[in-house]
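Notes for the one structure printed next.
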Amino acid sequence: MKRFYAKNELSFSLIWITLYVTLFSAAESFSASVGIVKSVTVPLCILFVLFLWRFIQKNHLMEKYGLCKFQGSAKSYLYFIPLLFLASCNLWGGITLRFSPLESALYVISMLCVGFIEEIIFRGFLFKALCLKASIRQAVLVSSITFGIGHIVNLLNGAELFSTLLQICYAVAIGFLFTVLFYRGKSLIPCILTHGIINSLSVFAVSPSEAFSAVSAVILIVISVGYAIFVF
């Protein structure tokens, strides 16, 4: 694994993305067949987190992949205020309990893990690998678009086409913001936390109308892109 990483970081990152998308989708299907939401997904996500953490720590890559303190002045932390607004997006339409307490707990655990995994493989592995072969702007755009398009796999798990297309659009925008924050602050921790909270709170989200979803998506895109341009 270490030799392959050293030889070609871009191929390494793409393989991790492919493994993650494929295995996560399969785990979701198995969880559905078991009848308990995220029952298979949670163990898989935990294994992913442990393996990624061990690989990064063992090879002294903590700072390279942003598992370190945000590097900036105290004033710079004020730039994280919009992240609090983004983190609450799944509660804009109201709050409901869709699953049992056990399933809700499993859902939250899996989504917190997904926040870590996706930030490491998309913002960490992929972005850093692209920086070796392209300009910063190109690396930011490609990693952001790749992150957004990756959400198309949700169609395989039963998601509706309209909601998935909206998710792809605002995921590209949020991915753009997170990549810029990582580039400027050298830390993925704010992105990991925000990503994990956004995902986790979706378990308590009320199913919105198409109109509400569209308006929410536009708000997310405007805030994310505007905030990213401001920070960049």
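We use all heavy atoms of the structure for the numbers below, so side chains are in, but hydrogens, waters and symmetry mates are not.
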Are Phe122 and His195 close enough that their ring centers fall under 6.0 Å? no

Return the CG to OG distance between Leu201 and Ser88, rounded to the nearest 0.5 Å. 8.0 Å

Between Tyr20 and Phe125 (judged by ring centroids, cut-off 6.0 Å), do the two rings come close enough to count as a pair? no

Salt bridge (Lys or Arg N to Asp or Glu O under 4.0 Å) against Lys64, all qualifying residues, sequence neighbours excluded: Glu9

For Phe80 together with Phe70, are the ring centres under 6.0 Å from each other? yes

Tell me if a side-chain donor or acceptor on Thr22 pairs with a main-chain N or O of Leu19 at a distance below 3.5 Å. no

Output the distance between atom CD (Glu119) and atom CD1 (Ile189), rounded to the nearest 0.5 Å. 11.5 Å

Determine whether Met1 and Phe51 satisfy the following criterion, side chain to side chain contact (heavy atoms under 4.5 Å, CB included), listing intermediate values before the conclusion. CA-CA 11 Å; Met1 182 68 72; Phe51 191 90; 4.1 Å; yes

Here the pair of heavy atoms bringing Ser110 nearest to Cys45 is O-SG, 4.1 Å

Looking at Ser143 and Phe127, would you say the former's side chain and the latter's main chain have a donor-acceptor pair under 3.5 Å? no

Working to the nearest 0.5 angstrom, can you tell me the gap between Ile120 CD1 and Leu52 CG? 7.0 Å

Separation between CD1 of Ile109 and OG of Ser104, rounded to the nearest 0.5 Å: 11.0 Å

Separation of Glu160 CD from Ser207 OG (nearest 0.5 Å): 8.5 Å

How many angstroms lie between atom OH of Tyr170 and atom CD1 of Ile219, to the nearest 0.5 angstrom? 12.5 Å

Counterpart residues, salt bridge (Lys or Arg N to Asp or Glu O under 4.0 Å), relative to Glu103 (two or more places apart): none

Between Tyr65, Phe24, Phe4, Phe48, which is the residue that forms a ring-ring contact (aromatic ring centres under 6.0 Å, His included) with Trp16? Phe48

